[in-house]
Visitor: 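Got a structure for you, written out below as structure tokens; questions coming shortly.
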Amino acid sequence: MIQRPKGTADILPEDMNLWHYIEETARRVLDQYRYFEIRTPMFESYELFSRGVGETTDVVSKEMYDFYDKGDRHIALKPEGTAPIVRAYVENKLYAPEQVKPYKVYYMGPMFRYERPQSGRLRQFHQIGVEVFGEANAAKDVETIALAMDLFKSLNIQHIKLVINSLGDTSSRLAYRQALIDYLTPFTDELSEDSKTRLHKNPLRVLDSKDKKDIEIVANAPSILDYLSEESTKRFNDVQSLLTALGIDFEIDPNMVRGLDYYQDTIFEIMSEDKVFGAQTTICGGGNYDGLVQEISDGKESVPGFGFGLGIERLILLMKAQAVAVPEMHALDVYVVNIGEGTDEAAMKIMQHIRHAGFSADRNFSGAKPKKQFKDANKLGADLVVTIGESELENNQITVKHMTSGNEAAYPLEKFADDFASIYQELNQ
């Protein structure tokens with residue numbers, strides 16, 4: 001028997017109600033913040049991620065699904081959403097003067113990383129993310145963070161916390177890079193193999209190591225906050241002031257660096273300590289990437305950017321663990337019960353009248369007995385049940401029953417066909 005690839009999941013119809021609720025709630029909140037959807041290809045040039053995300057990151061060095069196509073082009077399934085959005089932004093000249101600033105977009109869709117599958121971490125996973133291009137300032141940072149927090153609030157997620165840090169501008173990072181190398185060099189022999197490789201290529205990556213010994217070593221490393229330039233210090237202080245003004249609680253973690261190389265200045269993570277994950281887990285993360293547009297455009301354009309991504313699979317685990325109430329997204333308005341061999345055509349016409357009036361309808365097509373059909377209607381949660389039998393056809397009457405109240409009435413076929421909306425409203429009063 002052929003089975004799905006390891007690290008993937010089938011999202012079955014009975015699971016889709018929750019997925020649709022998350023996506024539709026997100027679209028509503030994103031619309032309030034005036035973000036517009038963008039869709040990019042599932043695969044991109046390998047170079048987009050090696051240059052944009054960073055050769056030494058785990059994402060590029062260990063986790064990407066990459067291959068050479070029939071034209072000998074090096075291709076990668078996209079492991080994250082920001083670099084493709086920036087590529088589209090540059091390639092389609094969305095920075096042009098006639099475009100309204102800031103330029104705000106969001107995406108929803110699958111990403112691919114070859115990593116060890118576990119709860120909430122799959123090789124094909126799904127993200128909701130946003131990117132905003134425009135001014136580089138604390139106000140833009142905080143509005144985007146507030147958007148992320150509002151998404152979780154709108155989904156009734158509890159027990160989360162916001163953690164922030166600043167990675168500084170280019171001059172800040174260079175100063176800190178050397179300080180970090182100086183601190184870590186005496187520990188070279190004790191570092192993990194990955195961290196030894198990163199020590200001189202990208203020492204900030206050592207701060208992101210999950211190796212227990214590395215974590216002990218970097219616990220006493222110098223703080224990047226002590227190396228921020230005057231401009232970066234002001235921006236980070238302004239971020240804290242604005243978050244406080246909006247009533248958004250936060251913590252500062254000076255060792256937080258995120259897993260991608262393009263971040264600068266403000267970064268953030270939203271974390272959950274819910275027992276479903278077994279330990280504190282990041283469910284949303286992002287930050288500022290002022291240099292990424294310049295990198296992708298080969299230095300031709302320099303536009304600040306800020307964004308975040310959140311994992312839908314982790315979000316679903318969290319919502320289920322917290323028993324978040326989710327409304328039925330695809331309620332059944334009417335179930336049609338037809339009794340007798342000569343009623344099939346009439347039942348089909350009735351179904352179409354109902355649907356064309358703007359309501360959902362379903363029926364049993366196997367000729368099941370009435371008892372089984374009524375049982376199915378109840379199981380499917382139908383609001384109304386329409387009964388059409390041979391006697392109804394003879395009398396040109398259709399019986400309609402409201403399943404909750406038990407109210408029942410008969411209507412001429414003509415009224416049913418011409419004005420089902422008023423019938424539905426009448427029985428739901």
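Just so we're clear, the structure is a prediction, and the values are computed from it rather than from any experiment.
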Visitor: Could you pull out all residues at least two apart from Y107 that satisfy ring-ring contact (aromatic ring centres under 6.0 Å, His included)?
Guide: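 By the ring-ring contact (aromatic ring centres under 6.0 Å, His included) rule, Y107 matches no residue at all.
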Visitor: Do the side chains of K101 and E135 get close enough for a salt bridge, i.e. N-O under 4.0 angstrom?
Guide: no
Visitor: Considering residues, nucleotides and ligands other than Q425, do more than 12 of their heavy atoms fall under 6.0 Å from its CD?
Guide: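 12 or below, so no.
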Visitor: Rounded at 0.5 Å granularity, tell me how far CZ in F152 sits from CD in Q158.
Guide: 12.5 Å
Visitor: Run the side chain to side chain contact (heavy atoms under 4.5 Å, CB included) check on L162 and D249 step by step: do they pass?
Guide: CA-CA 7 Å; L162 170 65; D249 295 331; over 6 Å; no
Visitor: Please tell me whether S192 and S195 have a donor and an acceptor in their side chains that are separated by less than 3.5 angstrom.
Guide: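 Yes, S195 and S192 have a side-chain donor paired with an acceptor closer than 3.5 Å.
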Visitor: Which of these passes ring-ring contact (aromatic ring centres under 6.0 Å, His included) with H74: Y68, F43, F67, F49?
Guide: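 Single pass found, and it is Y68.
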Visitor: Dump the intermediate steps for salt bridge (Lys or Arg N to Asp or Glu O under 4.0 Å) on E47 and R73, then the final yes or no.
Guide: CA-CA 10 Å; E47 185 183 13; R73 291 170 287 258; over 6 Å; no
Visitor: What's the spacing between R51 CZ and I296 CD1 if we round to 0.5 Å?
Guide: 6.0 Å
Visitor: Does the pair D141 and R235 meet the rule for a salt bridge (Lys or Arg N to Asp or Glu O under 4.0 Å), with working shown?
Guide: CA-CA 9 Å; D141 300 354; R235 180 169 175 173; 2.9 Å; yes
Visitor: Taking only Lys NZ, Arg NE, NH1 and NH2, and the carboxylate oxygens of Asp or Glu, determine whether D169 and R173 approach each other closer than 4.0 Å.
Guide: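 No, this pair does not count.
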Visitor: Applying side chain to side chain contact (heavy atoms under 4.5 Å, CB included) to F306 and D290, what does each step give before you reach the verdict?
Guide: CA-CA 8 Å; F306 195 100; D290 285 356; over 6 Å; no
Visitor: So is R123 actually on top of F125's ring, under 6.0 Å and inside 45° of the axis?
Guide: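 Output no; distance or angle outside limits.
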Visitor: For Y89 together with F133, are the ring centres under 6.0 Å from each other?
Guide: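 Ring centroids of F133 and Y89 are less than 6.0 Å from each other.
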Visitor: List the steps and the verdict of salt bridge (Lys or Arg N to Asp or Glu O under 4.0 Å) for E313 and R121.
Guide: CA-CA 8 Å; E313 283 84 357; R121 187 184 294 274; over 6 Å; no
Visitor: Are there over 12 heavy-atom neighbours, none belonging to M16, within less than 6.0 Å of that residue's CE?
Guide: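 Yes, enclosed.
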Visitor: Apply the test side-chain hydrogen bond (donor to acceptor under 3.5 Å, both in side chains) to residues E131 and Y103: give CA-CA distance (whole Å), side-chain angles for both, the deciding distance (0.1 Å), then the verdict.
Guide: CA-CA 8 Å; E131 313 295 345; Y103 192 86; over 6 Å; no
Visitor: Using a strict 4.0 Å threshold on nitrogen-to-oxygen distance, state whether R39 and E37 make a salt bridge.
Guide: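 Yes, R39 and E37 are salt-bridged.
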Visitor: I'd like a table of donor-acceptor pairs (distance under 3.5 Å, sequence neighbours excluded) in which one partner is a side-chain atom from residues 377-384, with atom names and distances.
Guide:
unit_1: D383; atom_1: OD1; unit_2: H402; atom_2: NE2; d: 3.2
unit_1: D383; atom_1: OD2; unit_2: Y424; atom_2: OH; d: 2.6
unit_1: D383; atom_1: OD2; unit_2: N428; atom_2: ND2; d: 3.3

Visitor: Decide, yes or no, whether a salt bridge links K234 with D238 under the criterion of side-chain N to carboxylate O below 4.0 Å.
Guide: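 Counted as a salt bridge, because a side-chain N and a carboxylate O are separated by less than 4.0 Å.
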Visitor: When rounded to the nearest 0.5 angstrom, what distance separates CD in Q322 from CG in L317?
Guide: 11.5 Å
Visitor: Identify the residue among M271, M256, K161 that makes a side chain to side chain contact (heavy atoms under 4.5 Å, CB included) with E251.
Guide: K161
Visitor: Would D419 and S422 count as a side-chain hydrogen bond (donor to acceptor under 3.5 Å, both in side chains) if you check the C-alpha gap in whole Å, the side-chain angles of each, and the deciding distance to 0.1 Å?
Guide: CA-CA 6 Å; D419 194 14; S422 65; 2.6 Å; yes
Visitor: How far does CD1 of I75 sit from CG of D69, to the nearest 0.5 angstrom?
Guide: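 It comes to 5.0 Å.
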Visitor: Between the main-chain N or O of L191 and the side-chain N or O of D214, is there a donor-acceptor pair closer than 3.5 Å?
Guide: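 Checked: no pair found.
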Visitor: Would you check, one step at a time, whether the test side-chain hydrogen bond (donor to acceptor under 3.5 Å, both in side chains) holds for K78 with T40?
Guide: CA-CA 10 Å; K78 60 182 179 185; T40 60; 2.8 Å; yes
Visitor: Once rounded to the nearest 0.5 Å, what's the spacing between atom OH of Y183 and atom OH of Y176?
Guide: 9.5 Å
Visitor: Go through the side-chain N and O atoms of Q124 and T8 and say whether any donor and acceptor fall under 3.5 Å apart.
Guide: no
Visitor: Give, for atom CZ of F359 and atom CD1 of I423, the distance between the pair rounded to the nearest 0.5 Å.
Guide: 10.0 Å
Visitor: Determine, stepwise, if the pair I270 / F268 fulfils side chain to side chain contact (heavy atoms under 4.5 Å, CB included).
Guide: CA-CA 7 Å; I270 298 174; F268 77 96; 4.1 Å; yes
Visitor: Look only at the side chain of T387 and the backbone of V337, and say whether a donor-acceptor pair between them is shorter than 3.5 Å.
Guide: no
Visitor: Does S272 form a side-chain hydrogen bond (donor to acceptor under 3.5 Å, both in side chains) with D274? I'd like the steps, not just the answer.
Guide: CA-CA 5 Å; S272 169; D274 198 282; 5.1 Å; no
Visitor: Tell me whether the count of non-hydrogen atoms from other residues, nucleotides or ligands lying under 6.0 Å of NZ in K140 goes above 12.
Guide: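 Enclosed.
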Visitor: Can you confirm whether more than 12 heavy atoms, excluding those of E231, are under 6.0 Å from its CD atom?
Guide: no
Visitor: Could you walk me through whether Y289 and T82 satisfy the side chain to side chain contact (heavy atoms under 4.5 Å, CB included) test, starting with their C-alpha distance in whole Å, then the side-chain angles of each, then the deciding distance to 0.1 Å, before giving a yes or no?
Guide: CA-CA 10 Å; Y289 48 87; T82 298; 3.7 Å; yes
Visitor: Given F36 and Y106, is the ring-ring contact (aromatic ring centres under 6.0 Å, His included) satisfied, shown in steps?
Guide: CA-CA 6 Å; F36 300 90; Y106 74 87; 8.4 Å; no
Visitor: Start with the C-alpha distance between R363 and D344, add both sets of side-chain angles, then the distance that settles salt bridge (Lys or Arg N to Asp or Glu O under 4.0 Å), and finish with yes or no.
Guide: CA-CA 11 Å; R363 60 173 286 217; D344 199 59; 2.6 Å; yes
Visitor: Would you call E193 and R198 a salt bridge, using N to O less than 4.0 angstrom?
Guide: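 So E193 does not pair with R198 through a salt bridge.
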Visitor: Does Y114, at its OH atom, have more than 12 non-hydrogen atoms belonging to other residues, nucleotides or ligands within less than 6.0 Å?
Guide: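 Incorrect, the count does not exceed 12.
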Visitor: Please determine whether a side-chain nitrogen of the Lys or Arg among R87 and D298 lies less than 4.0 Å from a carboxylate oxygen of the Asp or Glu.
Guide: no
